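All values below were derived from every heavy atom in this structure, side-chain atoms included, with hydrogens, water molecules and symmetry-related copies excluded. Please read these numbers as outputs of a predicted model, since none were measured by experiment. Just so it is clear: chains get the letters A, B, ... in the order the sequence lines come, proteins before strands, and each one is counted from 1.
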Amino acid sequence: MTIEAGLDDLNSLMKRRREELDELLAKGINPYPYNFERTHFSQDIISSYKDDQPKQNVAIAGRIVSVRKMGKTLFSHILDSKGKIQIYLKKDEIGDSFDDYHLLDIGDIIGAEGYLFKTKTGEVSIHLTKYTLLSKSLRPLPVVKEKIDEAGNKIIFDPFSDKELRYRQRYVDLVVNPKVKETFLKRTQIVTALREYLDSKNCIEVETPILQPLYGGASARPFSTHHNTLDVKLYLRIADELYLKRLIVGGFDAVYEISKDFRNEGMDRHHNPEFTMLEVYVAYKDYIWMMEFVEEMLRFILNKVNNSNKVTISGTEINFAPNWKRISMFESIKEFTGIGIQNLSLDEIQKVAKKLNIDIVPPMSRGGIIDEIFSQKVQPHLIQPTFITDYPIELSPLAKKHRTENGLTERFEGFINGQELCNAFSELNDPLDQRARFEDQKKLRLQGDVEAHQIDEDYLRALEYGMPPTAGLGIGIDRLVMLLTGAESIRDVIFFPQMKSEE
RNA sequence: GAGCGUGUAGCUCAGUGGUAGAGCAUUUGCCUUUUAAGCAAAGGGUCGAUGGUUCGAUACCAUCCACGCUCACCA
């Protein structure tokens, strides 16, 4: 079915709407006029209505979502950005335009003017004096019928629920499933609160390249593209990290960027190829300071968005109040497996992994096995907000060596509900150490690790000029939104998630 | 990438080896405060696509496409 289909190819519902369009045109009615002066929104009218108020005229605009015709009178619901309100038409009063209303359909957008009243059943409604067609809809909209039961619960009958259609035609999903709009409004509130917090801490919002000649800042496979004029290969960024730290070198004290990153990897309910990331870098601070910063930031967001420190996810109450549990990666493994592995050799750790029934694909580094043990034995237990600290150096090529613990870095990740929420470290600012770490990554790459970091000479040059001690943070915004909205899939917090071609 | 499942009217779904059904939506008629409005009637389908088995396939088989769930990969 294509949009350009001729009339013969249209189904009967669409044909009918084209015929109505022709009838409207024949009557001299413009089905697509240019503007409408509205004075009110549906929900505002309903919530402020008082039974003894004087006659009040209003003009609203929105989409027809139901029509109940009863002889010479008619009720219809109009959906606008804030909700629904009922309008009431009487043939005695509006004459021909009463009859013309039947050239309209569910889905058409109209402007409605009239005065307020309450029906016998107590619904605040608009007694219509005039309506104006603002946009004729040529496709049938799924009809959503609902009622409020005795307990006050809203029952929706046969909701528009096909996930494929909902994601592909999000515009329809948004019209007929009010919860979807709520989720995305909350997403915006969360991001607004984030900015508000960061701005208040004198962090400067900046923009860095999406198209990069080298990709870096994370372990991931990139998307690549080609610039015709320069005739060079470019990558879509997998992280902003290395560019933001160049700005710290340049003298900014604190910068942040809320960006789309792109990773050429599998898709599931936690991964979309393009996703939104917050990265923050603050000079002269370390990862200990950053833990408090994260706690305060999330408290701020929770209070702005949920008016509470707490959120309930699938029946579990999660408390975001500061002073999250802090435990080192090795301590956490000891806590949940009873085995201390910090000082064990690769061979010994392999034996432990085997004993714990951890699958290891042979060419796996010591750090890789430790990470695997952690993911399987510890991470699922981290329900309340927890900082896991001090990761092995081979897992963290951009993090600074731990000030006291050999072989570890000053890094932490925040976990909530068994999911990673953020990743942060005292940034590695020793240019010689950074070069050595890049060289190690290069070896991994030569061994076939497609996700190993590339050597970025310009970044090393920047570090050689000198970068102050710096704390850095990354937070996956989509996952944060999932957490705070109770969404089970990342697709429910991204307007237009990646889908395969419709062909 | 693997396993399981799904794909039938605009939407939500039944169903059968003899080319289809319901509710809502649509159309027509009746109905001047209804609200999942009601009553009566009617129209509407390439049964995801392509092959195969069969006298005959929407159903059985194969392949493909899309989607969902789980796992793997991956932050």
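- Nearest-nucleotide positions on RNA chain B for Met267(A) and Phe157(A) put Phe157(A) closer to the 5' end.
- Between U27(B) and Arg16(A), a contact under 4.0 Å exists linking OP1 or OP2 to a side-chain N or O.
- Judged by distance alone, with hydrogens and angles left aside, the side-chain atoms of Arg187(A) form a donor-acceptor pair with the main-chain N or O of Val493(A) at under 3.5 Å.
- The interatomic distance linking Leu165(A) (CG) with C13(B) (C1') rounds to 14 Å, in whole Å.
- Under the salt bridge (Lys or Arg N to Asp or Glu O under 4.0 Å) criterion, Glu427(A) pairs with Lys245(A), sequence neighbours left out.
- Residue-to-nucleotide contacts include no donor-acceptor pair under 3.5 Å from the side chain of Thr73(A) to the base of U33(B).
- Looking only at atom types and distance, the side chain of Tyr281(A) has a donor-acceptor partner in the side chain of Glu279(A) under 3.5 Å away.
- When the side chain to side chain contact (heavy atoms under 4.5 Å, CB included) test is applied to Asp158(A), no partner is found at least two apart in sequence or on another chain.
- As rounded to whole Å, 12 Å separates atom P of C69(B) from atom CD of Glu164(A).
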message = Counting Watson-Crick and G-U wobble pairs with both distances under 3.5 Å, what is the dot-bracket string for RNA chain B, 5' to 3', using [ ] for crossing pairs and | for pairs to another strand?
response = (((((((..((((....[..)))).(((((.......))))).....(((((..]....))))))))))))....

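- Here, U50(B) and C13(B) have their C1' atoms 27 Å apart, quoted to the whole Å.
- Under the rule for a ring pair (Phe, Tyr, Trp, His ring centres under 6.0 Å), Tyr287(A) has no partner lying at least two apart in sequence or in another chain.
- Every residue two or more places apart in sequence or in another chain was checked for a salt bridge (Lys or Arg N to Asp or Glu O under 4.0 Å) with Lys179(A), and none qualifies.
- Side-chain contact between Ile210(A) and Lys260(A) is absent, with no heavy-atom pair separated by less than 4.5 Å.
- Under the side-chain contact (heavy atoms from CB on, under 4.5 Å) rule, Arg63(A) has a single partner from Asp108(A), Asp80(A), Ile110(A), Leu141(A), which is Leu141(A).
- Within the nucleic acid shown, Arg166(A) has no heavy atom closer than 4.0 Å to any nucleic acid atom.
- The residue among Gly122(A) and Pro140(A) whose nearest nucleotide of RNA chain B lies closer to the 5′ end is Pro140(A).
- A distance-only check finds a donor-acceptor pair linking the side chain of Gln434(A) to the backbone of Pro397(A) [under 3.5 Å].
- Among the atoms of the strands shown, only primed sugar atoms or phosphate atoms (P, OP1, OP2) are found under 4.0 Å from some heavy atom of Ala220(A).
- C11(B) and C47(B) have their P atoms separated by 16 Å, given to the nearest Å.
- For RNA chain B, none of the residues of residues 48-67 of chain A falls under the heavy-atom distance limit of 4.0 Å.
- Nearest to the side-chain atoms of Phe160(A) among the listed nucleotides G68(B), G23(B), C11(B) stands C11(B).
- Judged as a side chain to side chain contact (heavy atoms under 4.5 Å, CB included), and not counting sequence neighbours, the contacts of Arg269(A) are Glu488(A), Ser489(A).
- Minimum atom distance to the side chain of Arg491(A) is reached by G68(B), of the listed C67(B), U34(B), G68(B).
- A72(B) atom C1' lies 11 Å from atom CD of Glu372(A), rounded to whole Å.
- Within 4.0 Å (heavy atoms only), Ile155(A) reaches no atom of the nucleic acid at all.
- Listed by chain and residue number, His127(A) satisfy the side chain to side chain donor-acceptor pair (under 3.5 Å) test with Glu93(A) (two or more places apart in sequence, or in another chain).
- Ring-plane geometry between Phe184(A) and Phe495(A) is classed as parallel, the angle between the planes falling under 30 degrees on a 0 to 90 degree scale with a further cut at 60.
- The side chain of Val143(A) sits closest to A25(B) out of U27(B), U12(B), A25(B).
- Of the residues in residues 88-102 of chain A, Tyr88(A), Lys90(A), Asp92(A), His102(A) come within less than 4.0 Å of RNA chain B through at least one heavy atom, sorted by number.
- Among residues at least two apart or in separate chains, side-chain hydrogen bond (donor to acceptor under 3.5 Å, both in side chains) pairs with a member in residues 52-61 of chain A are His40(A)-Gln56(A), Gln53(A)-Gln56(A).
- No hydrogens or angles considered: nothing links the side chains of Arg491(A) and Asn272(A) as a donor-acceptor pair under 3.5 Å.
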task = Take Arg437(A) and Asp440(A) through the test salt bridge (Lys or Arg N to Asp or Glu O under 4.0 Å) and record every step on the way to the result.
result = CA-CA 5 Å; Arg437(A) 306 277 193 96; Asp440(A) 290 342; over 6 Å; no

Find every protein N or O atom lying less than 3.5 Å from an N or O atom of nucleotides 39-45 of chain B, and list the pairs.
none

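- Protein atom CD1 of Ile490(A) is 17 Å distant from nucleotide atom P of C74(B), rounded to whole Å.
- Arg168(A) comes within 4.0 angstrom of the backbone, heavy atoms only, and of no base.
- Interface remark: the Asp268(A) side chain does form a donor-acceptor pair with the C73(B) base, using a distance-only criterion of under 3.5 Å.
- Taking atom CD of Gln169(A) as the reference point, atom C1' of A66(B) lies 14 Å away to the nearest angstrom.
- Contacts between residues 74-86 of chain A and RNA chain B, defined by a heavy-atom separation below 4.0 Å, involve Phe75(A), His77(A), Gln86(A), listed by number.
- For the C1' atom pair drawn from U54(B) and G18(B), the interatomic distance equals 12 Å after rounding to whole Å.
- Contact between the side-chain N/O atoms of Arg68(A) and the OP1/OP2 oxygens of U34(B) is not found at any separation under 4.0 Å.
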task = Could you go through the salt bridge (Lys or Arg N to Asp or Glu O under 4.0 Å) check for Lys136(A) and Asp105(A) one step at a time?
result = CA-CA 8 Å; Lys136(A) 179 71 187 158; Asp105(A) 286 289; 2.8 Å; yes

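- If you check every strand for non-hydrogen atoms under 4.0 Å, Met499(A) touches sugar and phosphate atoms only.
- For Lys145(A), whose side chain is taken as the heavy atoms from C-beta onward, the closest listed nucleotide among A36(B), C31(B), A66(B) is A36(B).
- Closest non-hydrogen pair, Phe412(A) versus Val294(A), comes out as CZ-CG2, 4.2 Å.
- Taking only side-chain nitrogens and oxygens, Arg269(A) never comes nearer than 4.0 Å to OP1 or OP2 of G68(B).
- Nucleotides G17(B) and C61(B) have their C1' atoms positioned 13 Å apart, rounded to a whole Å.
- Atom CD in Glu20(A) sits about 14 Å away from atom C1' in U28(B), given to the nearest Å.
- Regarding Lys120(A), its NZ atom lies at a distance of 5 Å from the C1' atom of U33(B), rounded to whole Å.
- Between Lys163(A) and G68(B) there is no side-chain N or O to OP1 or OP2 distance below 4.0 Å.
- Salt-bridge check for Lys186(A) with Glu182(A): failed, with every basic side-chain N at 4.0 Å or more from each acidic carboxylate O.
- With A25(B), U12(B), A66(B) as the candidates, the nucleotide lying closest to the side chain of Ser161(A) is U12(B).
- Residue Ile238(A) contributes atom CD1, which lies 12 Å from atom C1' of C74(B) at whole-angstrom precision.
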